[in-house]
Each structure stands twice: as structure tokens, then as C-alpha cells.
Visitor: 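Here you go, one structure.
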Amino acid sequence: MSDIPKAYEPQNFESKWYQRWLDNESFKADPSSSKPAFSIVIPPPNVTGVLHMGHVLNNTIQDILARKARMDGCEVLWLPGTDHAGIATQVVVEKRLKKEQGQSRHDLGREKFIEKVWQWKEKHGGIIIDQLKKLGCSCDWSRERFTMDEDYSRMVAETFVDLYNKGLIYRGKRMVNWCPVSRTALSDEEVIMKEQRGYLYYFKVEIIEEPGTFLTIATTRPETIPGDSGIAVNPKDPRYAKYIGKHVLRPLPRELPEDQKHIPIVADEHVDFEFGTGVLKVTPAHDKADFEIGERHSLEVIEVIEADGTMSDAAGADLKRLERFKARKEASKLLEELGLLVKEEPYTNNVGFSERADVPIEPRLSEQWFLKYPSAEAAKSIVDSGELQFYPDRWTKVYDHWMDNLQDWCISRQLWWGHQIPVWYRGDEVKCQVDSPGSDWTQDPDVLDTWCSSWLWPFATMDEATFNKFYPTNVLVTAPEILFFWVARMIMAGLEYKQVKPFETVVLHGIVRDGKGRKMSKSLGNSPDPLDLISQYGADALRFGIMRSTPRGQDTLFDEQNVELGRNFCNKLWNACRFRQMHGGETEGELNDSLLTSDDKWILLKLGQAIDEIDASIKEHKLNEATNVLYRFFWSEYCDWYVEASKAILYGEDEQQKANALAVIDFILSNVLRLLHPFLPFITEELWQGMGYANELPKEQGGFTIMNARWPKAFDQDFRDCYSLDDCYLEFVDAKYALIREGRNLRAEAGIASNKRVRFVMKNSREIMEHDASVLRGLLNAEPLDIDPEFEAPQGTPNVHSELGDLYLPLEGLIDFEAEVIRLTKEVEKIEKEIEKANAKLNNPNFASKAPPEVVEEHRKRLTEWADKLSHNQKNLAAAKAALS
RNA sequence: GCGCGGUUAGCUCAGUGGUAGAGCACUACCUUGACACGGUAGGGGUCGGAGGUUCGAACCCUCCACCGCGCACCA
């Protein structure tokens with residue numbers, strides 16, 4: 001392995017291993033397996049989408065869970081696929097059509113247009129799938145599904161028919177959220193409220209029955225005045241109660257004969273008399289609340305805004321054909337001309353925007369299909385009872401709130417790309433069935449909301465055998481953004497159609513934001529291309545970086561430095577393995593308990609602790625915590641301390657000891673590689689194979705790929721007994737390393753370069769074994785290191801006091817006493833502060849009487865330790881001062 | 001308006017009652033036989049504010065401020 005590159009170069013092996021996993025169907029799930037099942041369905045990305053950082057986070061989490069489950073011995077299904085994304089995809093293709101051929105979809109016709117979309121899908125739909133492969137995702141690609149697949153589509157239609165027959169689907173003319181750009185209805189969830197700066201227009205209207213008496217009305221939408229069919233006041237409002245039943249003259253359209261512009265003043269509780277003037281204009285055709293008022297008082301519905309957001313003929317000659325916002329300005333001008341405009345006041349209000357098109361939605365009366373949610377009660381209680389668990393748990397509350405306020409779901413969309421509604425018409429006859437009743441029947445032109453197909457995803461993607469083995473899935477990993485859109489609806493669909501929850505747990509992770517906390521978006525240009533990052537740093541580095549910086553359930557502030565950190569980690573791992581290889585010898589020799597050094601036991605114990613912590617973190621879905629433990633164990637504990645300490649043996653003479661040290665190293669590394677594999681699939685496979693750890697294992701337990709290697713087990717008592725892994729070794733070695741740190745500090749304070757060998761003397765208070773002495777010698781870069789319990793140091797010799805004894809740095813006349821005095825003074829001050837703190841507590845009689853005895857004892861112990869240190873340092877300080885004078 | 005998160009070192013974040021932590025960044029030294037994508041040592045925090053509970057609060061309670069998000073909404 002000596003001619004392998006010094007630095008980690010992931011491009012040399014990532015695609016190689018991925019291809020090998022594919023060739024050997026390592027990701028393929030076998031429904032007939034006797035192993036316990038573990039399954040995940042991917043949140044299907046938009047078929048025309050490209051990979052962004054959010055996908056990286058989402059899919060890395062899923063891959064970690066899938067790979068971990070394989071190593072736990074599960075039969076794993078990670079089912080991939082894509083979503084047809086109705087509006088988004090249709091818009092993309094429409095734009096392209098316009099650009100390339102100057103045509104609209106209407107020019108082409110429905111059939112031809114849909115053909116175009118399919119062509120687009122065939123050409124671009126695979127992009128994101130390939131990108132997921134680059135990331136290392138271990139999906140069962142043989143089961144890749146698309147929401148417009150034939151069998152999937154059939155199930156969508158069958159579901160519609162079933163819900164229709166159950167009376168849960170109905171058609172009705174209702175106020176819906178209308179997107180004038182996409183020209184389709186939207187569900188409430190697709191509307192985003194945004195603050196908008198505008199004006200509150202105050203205008204007056206004359207009361208017909210009392211000429212000369214005017215009422216002033218405040219509105220943000222003067223352009224809808226031609227659509228007003230009433231004026232509402234609160235019946236309890238003393239200012240206006242007397243006018244109820246009378247009429248006012250609606251000022252617009254101007255040209256309409258006056259008698260056609262008389263509209264009634266009605267009494268309605270909805271009116272808030274605190275707001276504006278307490279007089280409300282009622283536009284039943286263009287406002288949800290107004291529509292309801294209109295229904296209560298049988299007001300006329302006058303449509304003044306068309307589907308495309310322009311004003312209709314009914315808006316009058318002045319406004320018709322004007323775009324709605326131009327019409328607003330125009331209307332205010334007209335009011336002014338009529339002498340009716342009282343004032344315009346700047347005003348900020350919330351306006352619903354279309355999520356996709358990012359334009360204000362228009363409340364609009366139209367004929368749509370609605371769904372009353374099925375199994376809603378059960379869906380709520382299954383989460384409340386904890387039978388279906390959200391991580392983090394706080395989302396349960398958000399879910400509950402939504403479930404408690406369910407509104408019927410508007411499921412029809414005036415689009416062409418999607419599942420066409422399986423309802424057929426012939427004259428007045430209506431039939432709801434999957435297949436056409438005959439050639440003289442015409443199908444409803446609308447398609448279903450995309451979510452009305454993807455809510456079936458967890459089971460509609462599975463054939464019978466797959467379903468029997470893998471449903472319900474174990475975990476769904478997604479972002480809280482689609483908790484209502486998708487998660488809640490899947491729960492309802494699963495319960496309604498399979499009588500079983502679709503997943504055991506839902507992991508809700510945050511959004512990936514840029515360094516300034518902004519959401520990453522194409523328009524801001526603040527989203528790095530994950531593929532660039534992969535080619536620059538490697539997929540493993542990207543995965544590790546993003547996982548390490550993602551707190552559970554909180555947003556991730558993405559910084560490329562995190563990826564660099566991942567790359568550096570991989571490089572460290574790479575070189576740690578190179579180091580092992582350089583020393584040759586037998587791979588994974590037997591551990592010999594009689595030869596284990598204190599350092600060996602220490603690192604084994606630390607490994608055991610790390611395994612426990614990692615298992616616990618993964619169980620709680622705190623993957624960043626698991627990543628941090630791996631980082632700490634491998635880098636700080638293994639590389640910084642154990643490997644450095646083991647050099648005392650590896651560069652020594654004792655061949656038996658050497659072989660044993662290598663066995664320990666192999667033991668640790670083979671565990672580390674397995675623990676890291678779910679996070680870093682590529683480099684761990686490369687090293688697993690390269691180090692020869694695969695060699696003697698059965699094929700299905702890591703012999704062929706680390707993917708199937710056994711996940712490291714927490715150490716049991718037998719293991720600990722077998723190698724005498726007593727916790728006292730942790731304490732001893734910790735003390736040894738603490739001493740080394742202090743000794744190095746002495747060197748640094750004395751200005752001795754770390755590569756310069758220098759004499760240390762250890763005046764030991766405990767027995768120091770030859771091995772421990774050589775570790776001290778090595779890590780202190782001491783030459784020589786004298787061990788002498790009787791050592792009498794010349795006055796003022798810098799030294800540190802430790803559990804194992806005192807360590808002197810005799811400088812033979814070169815001591816900088818002035819620096820020593822400064823160092824020791826600082827040290828003494830620090831210690832005095834600590835003693836003060838401990839004393840303050842212990843001297844408080846309440847502390848002694850009320851605190852638990854072990855805490856009091858602990859403080860006493862602490863105090864003696866500090867006092868011991870203090871006297872030692874004071875002695876040294878006095879000596880240094882004496883030498884100075 | 002209601003609800004949920006957050007506020008700890010320059011930055012990103014751990015830390016649920018008992019000695020304030022990590023990584024990055026920073027400073028100094030070091031190309032020593034795995035790794036400069038590295039090593040060693042070091043500096044740096046009145047834990048958002050104010051009260052309260054407690055022997056003891058970053059942690060528990062109350063109120064407030066600011067940031068983010070969700071829901072609702074008065075035209």
C-alpha cells in the first residue's frame with residue numbers, strides 16, 4: 001500500500017464501488033427474505049428537478065438509516081421514485097414550448113401537449129436519479145416508481161372512485177383559491193400569506209333613501225366596487241343600525257343606469273366596527289367572507305375579474321380588460337373624479353400568494369371537486385397516542401392543530417398534466433368510474449392535485465409481495481414544510497386503505513439555508529450545486545459535512561467549510577489506514593490479553609463508550625450527535641492519543657508486543673470503518689477492502705462488501721472480562737495523558753520547539769511501568785526521560801504536579817525565571833479562584849445541610865486537590881522568585 | 001392574535017440542577033518516520049434581559065426583548 005496516494009482522492013474510487021454495488025444488486029430488497037424487514041419510501045422528488053442541498057440532507061439521512069439497518073441484519077427496502085409535480089412540470093414544458101416554438105399548450109391541444117410533457121420527462125426525468133446515485137444512495141432502483149406509472153395511476157383513479165362512492169368526494173361551486181397565472185384552483189395549503197404594502201382607500205356612498213347622507217367605506221380593493229352587491233354593517237353598531245334595510249348608490253361602473261346601482265345595506269355580525277369605518281362593502285364573487293355574507297342575505301354575485309386576472313365586461317367600460325392591479329389604480333382615480341374618494345392611507349395587510357407562481361391568488365367562485373378527508377379521527381389519534389411518532393416530537397402539536405381544523409380539500413386542478421378525474425358525462429348523466437363507459441361519454445377535463453396521488457405513495461408503489469414484507473415502512477424522512485401537504489394525508493390514506501399506518505416514525509429535518517440564514521433558491525443563486533461539491537470534495541465529504549452541521553430538526557446553515565471538514569476527516573481516516581498498512585504484519589491478529597497495555601485497554605474502553613453513544617444517538621435520530629462522537633473518537637481519542645502512544649511499541653523491538661498492538665489497531669479500525677460506513681459509504685468500502693478486513697469474513701457478513709458487515713456490538717461483560725477492561729485503566733491513562741499535556745505546556749512556556757528533544761525527570765509517586773515510561777518519553781519528545789522517585793531538583797526548576805508524580809523540566813542554567821514567575825503567578829491566581837469558589841460553597845451551612853452528601857463530598861475532594869496544587873505552585877513560585885533575586 | 005422553535009466563545013452548535021464545552025476561525029511554535037486536508041500549545045464567554053424557586057440555575061417557573069417558522073385574520 002506504500003504507493004497509494006498520500007492524500008485521499010475520492011474520485012479514484014467512488015463510482016467504482018457504486019457500480020459494483022449495483023452490479024451485485026446489493027441494494028435490492030428480497031420480499032422472501034427471512035430477515036426482519038426495514039423499509040423507507042423516498043419522498044419522491046419532482047421528476048424535472050435537479051439535486052439541491054435539501055435533497056442532499058434528506059437523502060443522506062435516509063441512506064444512513066438504510067445502511068445501518070442492513071448492517072443490523074435487516075432486509076432493507078429503500079424505495080425510490082419521482083413525482084409528476086403537476087403545475088411545476090406543466091409550467092416548465094409550457095415555457096419551453098413558448099420559447100422554442102412560440103406556441104401555447106392550447107395551440108397544441110391536450111393530447112399533443114401531454115405527449116410533449118412525457119418526452120420532456122423521458123429526457124430530463126432521470127437527472128435527479130443519477131444525482132442521487134452520485135451521492136451514494138442505496139435505493140432499490142429496480143423498484144423505481146413514478147406517480148404517473150400506469151398501475152400507480154390506476155390506483156389513484158380507483159381511490160377517487162371509492163371515495164366518491166363513499167360520498168366523500170363532491171363537486172360544487174365554491175370560493176376557491178385561484179391562481180391567475182397558472183389558471184387553476186389551488187388548495188389552501190398552496191397559498192402562502194405574505195405581508196403586502198398597499199393602501200386603504202376610503203370612499204363615500206350616498207344613501208338613496210336619505211339624499212345627502214353618505215357612508216364612508218374603507219377598502220384595499222377599489223377595483224372590485226363594480227362587483228359589490230351590498231353594504232354590510234354590524235347590527236350592534238349604533239352609528240349605522242338605523243340605515244339597515246336602506247340602500248346606497250354604488251359608484252361604479254359609471255355608465256350603468258343609476259337604478260341598477262342600488263345596493264342594500266345589510267346587517268351582519270361579521271363586520272368589525274373597530275376596523276376602518278365599520279362599514280363593509282360586500283363583493284360576493286371575489287372574497288370568501290363576502291361570499292358568505294352574500295349567501296346569508298341573498299346578494300347578487302357579480303363577477304368582475306376573469307380567470308386570467310383581468311377585469312371583465314361587468315367591471316364597466318373604464319376598467320374592463322385592465323389587469324387587476326392596474327384596475328385598482330384606475331378605480332381610485334375614478335373615485336377621485338367622482339368626488340367620492342375621501343382619502344388614501346398607506347396600509348399593510350396580508351395577501352395570499354400562489355406558492356408556485358408567486359402572485360397574489362384571487363378568491364374565485366368556480367366549480368371544483370372537493371374531498372372530505374377520510375380516516376381523519378384515526379389519523380389524529382394514532383399520532384396523539386404515540387403509536388406513530390414524530391421526531392422531534394413538537395411537530396405533533398402542529399399536526400394536531402391542522403387536523404383539528406380540517407377543511408375540505410379542493411382536489412381538482414385546471415391542468416392537463418396529471419391524473420385526469422375519472423368522472424364521465426353524457427348529457428345530464430354523470431358516472432364515476434375508472435374506465436370510460438363508452439365513446440359517447442366525455443371525461444371531466446380537470447386533473448387531480450399532485451398530492452392527491454402522492455398521498456398513496458407508501459403503498460401504491462409496492463406490489464403484493466413487497467407490500468406484505470415491507471409495509472408499513474419504518475421511517476419517513478422529510479421536511480416539516482410538507483407536513484400537511486403530504487405527511488398528514490399519507491397517514492389518512494394509509495389508515496383508510498390499508499387500515500395500517502404507513503410508517504412507524506416520521507423524521508422531520510430542517511431546511512438547508514445559506515450562511516446568512518436565507519433559504520437556498522435558484523433565484524438568489526445562493527445554492528451551491530451538490531455535484532460540484534462532490535467532484536471537488538467527494539460524496540463522503542459532502543455527506544459528513546452536512547450531517548455534522550445539522551442539528552436535529554433545526555435548520556442547517558450551510559457553509560462549504562463543513563464539506564471541507566468532511567474531506568479533511570476522510571483524509572485523516574485514509575492516512576490512519578495507510579499508517580497501519582505501513583507496519584505490515586498479520587491482518588487482524590488475535591488480541592492477547594496478557595500483552596494489552598494500559599493504552600490498549602483505554603482505547604478499547606473508549607471504543608465501547610463510543611459504540612454506546614452512537615447507538616443511542618441514532619436511536620433518537622440525532623445523527624449529528626452520532627457524527628460528532630465518531631469524529632471525537634476517531635480523531636481525538638484514536639489518532640491523537642492512541643496511535644501516538646502506540647508508536648512507542650511499533651517503533652520498538654518487541655515483536656510480540658508489536659503484533660499485539662497491530663491487532664488492537666486492526667480491531668479498532670475495523671470497528672471504526674463499520675461505524676462510519678452508513679455516513680461515509682465509499683471510503684469505508686475502499687478501506688475495508690484495501691485493509692483486508694473483508695478477507696476472512698463470510699460473504700454475507702462483510703466478506704463481499706462492508707455494506708453487509710455486522711454493526712459493532714456494544715461490549716458485554718464477557719468481552720470486558722476477557723480483556724480485563726476495567727474502568728481503572730481509563731482513569732490511569734487519562735492521568736497519564738493529562739501529565740503529557742502539562743509537560744508539553746512546560747516545554748511551550750519555556751519556548752522549546754516541539755520537535756526538539758529535551759530532558760525530563762519524573763519524580764514518580766506511583767509505580768511507572770516501562771511501557772508507560774516509553775509512552776511518556778515519546779509523547780513528551782523527551783530524551784532522556786529519567787524516572788527517579790528520589791529526584792532533588794535544583795531550586796526553581798519548572799515542574800508540574802500530577803496524580804502520577806511530579807514532572808520536571810531541568811533546563812540547566814537556561815531557565816527563564818522571569819517567565820517562570822509570570823507563568824506560576826497566573827497559575828496560582830487561577831487556582832486561588834477555584835479554591836474560593838469551592839470554599840464559598842462549603843462554608844455555606846445550608847449547602848452542607850441540604851445538598852446531597854455525595855455532592856458535598858465531591859466538593860471537599862475538589863478543594864483538597866486544588867489546595868494541593870496551590871501549595872505546590874506556591875512553592876515553585878517562591879523558588880523562582882528566589883532564583884531571580 | 002394564537003402556537004412552536006431559537007437566543008451559550010468571532011462563526012456554527014452541544015450542554016435539562018452541582019468545576020461552562022466541541023468544531024471552525026484566531027495567535028505562537030513545528031515540515032519529527034500516516035496525515036500541513038497535519039501536529040503541539042494558547043487566547044477568547046457577566047450562557048438575550050429582569051424577576052422568582054433552590055444550599056446551588058445556562059438548565060426549572062414568570063414576565064419582557066429580539067430573530068425565525070406555522071396557523072388564523074379586519075375589509
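Worth knowing before you read on, the calculation uses all heavy atoms, side chains too, and leaves out hydrogens, waters and symmetry mates. Chain letters run A, B, ... following the sequence lines, proteins first and then strands; every chain starts at 1. Since this is a predicted model, take the numbers as computed values, not measurements.
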Visitor: Tell me which of A:Cys570 and A:Arg862 sits closer to the 5' end of RNA chain B, going by the nucleotide each one is nearest to.
Guide: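 Comparing both residues, the 5'-ward one is A:Arg862.
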
Visitor: Heavy atoms under 4.0 Å, any strand shown: does A:Arg632 hit a base, just sugar-phosphate, or nothing?
Guide: nothing

Visitor: Can A:Arg548 and A:Asn624 be counted as having a side-chain donor-acceptor contact under 3.5 angstrom?
Guide: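 Not at all, the side chains of A:Arg548 and A:Asn624 share no donor-acceptor pair under 3.5 Å.
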
Visitor: Paired with B:rA75: which nucleotide, if any, by Watson-Crick or G-U wobble criteria at under 3.5 Å for both distances?
Guide: none

Visitor: Taking the same atom, P, in B:rA25 and in B:rC60, what whole-Å distance lies between them?
Guide: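 Their P atoms lie roughly 33 Å apart.
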
Visitor: Any donor-acceptor pair under 3.5 Å joining the side chain of A:Arg567 to the base of B:rC37?
Guide: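 Indeed there is one.
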
Visitor: Considering Watson-Crick and G-U wobble pairs with both distances under 3.5 Å, what does B:rU32 pair with?
Guide: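 Across any shown strand, B:rU32 pairs with none.
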
Visitor: With a cut-off of 6.0 Å (strictly less than), are more than 12 heavy atoms of other residues, nucleotides or ligands near CD of A:Glu836?
Guide: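 At most 12 heavy atoms, drawn from other residues, nucleotides or ligands, come within 6.0 Å of this atom.
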
Visitor: Under a 3.5 Å limit for both distances, which nucleotide forms a Watson-Crick or G-U wobble pair with B:rG70, could you say?
Guide: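 Across any shown strand, B:rG70 pairs with B:rC2.
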
Visitor: How long is the line joining CG of A:Leu483 and P of B:rC71, in whole Å?
Guide: 10 Å

Visitor: For A:Arg394 and B:rC71, give me the distance from atom CZ to atom P, rounded to whole Å.
Guide: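 Taking CZ of A:Arg394 and P of B:rC71, I get 15 Å after rounding.
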
Visitor: Between B:rG3, B:rA34, B:rG5, which one does the side chain of A:Val643 approach most closely?
Guide: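 The listed nucleotide nearest to A:Val643's side chain is B:rA34.
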
Visitor: Going by the rule side-chain contact (heavy atoms from CB on, under 4.5 Å), which residues pair with A:Phe275 if we only count those two or more places apart in sequence or in a different chain?
Guide: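 By the side-chain contact (heavy atoms from CB on, under 4.5 Å) rule, A:Phe275 matches A:Leu200, A:Asp272, A:Tyr347.
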
Visitor: Counting only Watson-Crick or G-U wobble pairs whose two distances fall under 3.5 Å, which nucleotide matches B:rU27?
Guide: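 Its partner is B:rA41 (Watson-Crick or G-U wobble, both distances under 3.5 Å).
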
Visitor: Across all strands shown, which nucleotide pairs with B:rA22 by Watson-Crick or G-U wobble geometry, both distances under 3.5 Å?
Guide: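 WC or wobble partner is B:rU12.
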
Visitor: Does a donor on one side chain and an acceptor on the other come within less than 3.5 Å for A:Ser535 and A:Gln11?
Guide: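 No.
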
Visitor: Nearest to the side chain of A:Glu834, heavy atoms from C-beta on, is which of B:rA36, B:rC29, B:rU19?
Guide: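 For A:Glu834, the side-chain atoms sit closest to B:rU19.
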
Visitor: Rounding to an integer number of Å, can you tell me how far A:Phe544 CZ sits from B:rA22 P?
Guide: 17 Å

Visitor: When you check the side-chain N and O atoms of A:Glu9 and A:Asn12, is any donor under 3.5 Å from an acceptor?
Guide: yes

Visitor: For the CG atom of A:Leu557 and the CG atom of A:Asp559, what is their distance to the nearest 0.5 Å?
Guide: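 So the gap between those two atoms works out to 9.0 Å.
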
Visitor: Please find the pair of heavy atoms, one from A:Ile683 and one from A:Asp540, that lie closest to each other, and give the distance.
Guide: N-OD2, 2.7 Å

Visitor: Considering heavy-atom distances to RNA chain B, does A:Lys647 or A:Lys830 have its closest nucleotide positioned more toward the 5' end?
Guide: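 Going by which nucleotide is closer to the 5' end, it is A:Lys647.
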
Visitor: Rounded to whole Å, please give me the gap between CD1 in A:Ile752 and C1' in B:rU32.
Guide: 16 Å

Visitor: Measure from the side chain of A:Tyr651, starting at C-beta and using heavy atoms only, and say which of B:rA34, B:rG3, B:rA25 lies closest.
Guide: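 Between B:rA34, B:rG3, B:rA25, the one nearest the side chain of A:Tyr651 would be B:rA34.
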
Visitor: Are side-chain N/O atoms of A:Arg489 and A:Tyr373 paired as donor and acceptor at under 3.5 Å?
Guide: yes

Visitor: Would you tabulate the nitrogen or oxygen pairs shorter than 3.5 Å linking the protein to nucleotides 38-41 of chain B?
Guide:
unit_1, atom_1, unit_2, atom_2, d
B:rG38, OP1, A:Asn568, ND2, 3.4
B:rG38, O3', A:Lys572, NZ, 3.1
B:rG39, OP1, A:Lys572, NZ, 3.0
B:rG39, OP1, A:Trp635, NE1, 2.5
B:rU40, O3', A:Arg744, NH1, 3.4
B:rA41, O3', A:Asn745, ND2, 3.3

Visitor: With a 3.5 Å cut-off and no angle check, do the side chains of A:Glu345 and A:Tyr199 form a donor-acceptor pair?
Guide: no

Visitor: Can you pull every protein N or O that's under 3.5 Å from an N or O on nucleotides 72-75 of chain B?
Guide:
unit_1, atom_1, unit_2, atom_2, d
B:rC73, N3, A:Asn350, ND2, 3.0
B:rC73, N4, A:Asn350, ND2, 3.0
B:rC74, O2, A:Asp272, OD2, 2.7
B:rC74, N3, A:Asp272, OD2, 3.4
B:rA75, OP2, A:Tyr347, OH, 2.9
B:rA75, O3', A:Thr220, OG1, 2.8
B:rA75, N6, A:Asp272, O, 2.6
B:rA75, N6, A:Phe275, O, 2.9
B:rA75, N1, A:Asp272, N, 3.3

Visitor: Search all heavy atoms of A:Gly352 against all heavy atoms of A:Val191 and return the closest pair with its distance.
Guide: CA-CG1, 3.6 Å

Visitor: Taking pairing as Watson-Crick or G-U wobble with both contacts under 3.5 Å, can you name the mate of B:rU62, or confirm there isn't one?
Guide: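 Paired with B:rA50.
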
Visitor: Quick check: do A:Asn745 and A:Glu749 have side-chain heavy atoms less than 4.5 Å from each other?
Guide: yes

Visitor: Mind listing the side-chain donor-acceptor pairs of residues 277-288 of chain A below 3.5 Å, one per line with the distance, residues two or more places apart or on another chain?
Guide:
unit_1, atom_1, unit_2, atom_2, d
A:Thr277, OG1, A:Thr216, O, 2.5
A:Thr277, OG1, A:Val279, N, 3.3
A:Lys281, NZ, A:Thr224, OG1, 2.6
A:Lys281, NZ, A:Asp228, OD1, 2.8
A:Lys281, NZ, A:Asp228, OD2, 3.4
A:Lys281, NZ, A:Thr283, OG1, 3.1
A:Thr283, OG1, A:Asp228, OD1, 2.7
A:His286, NE2, A:Val304, N, 2.9
A:His286, NE2, A:Ile305, N, 3.2
A:Asp287, OD1, A:Ala289, N, 2.9
A:Asp287, OD1, A:Asp290, N, 3.0

Visitor: Does A:Asn628 put a side-chain nitrogen or oxygen below 4.0 Å from OP1 or OP2 of B:rG23?
Guide: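 False: A:Asn628 side-chain N/O out of range (4.0 Å or more) of B:rG23 OP1/OP2.
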
Visitor: Produce the list of close N/O pairs, under 3.5 Å, pairing protein atoms with atoms of nucleotides 51-57 of chain B; give distances to one decimal.
Guide:
unit_1, atom_1, unit_2, atom_2, d
B:rC55, OP1, A:Lys850, NZ, 2.5
B:rC55, O2', A:Asn844, ND2, 2.8

Visitor: Which residues satisfy the ring pair (Phe, Tyr, Trp, His ring centres under 6.0 Å) test with A:Tyr399, sequence neighbours excluded?
Guide: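 Per chain and number, A:Tyr399 pairs via ring pair (Phe, Tyr, Trp, His ring centres under 6.0 Å) with A:Phe390.
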
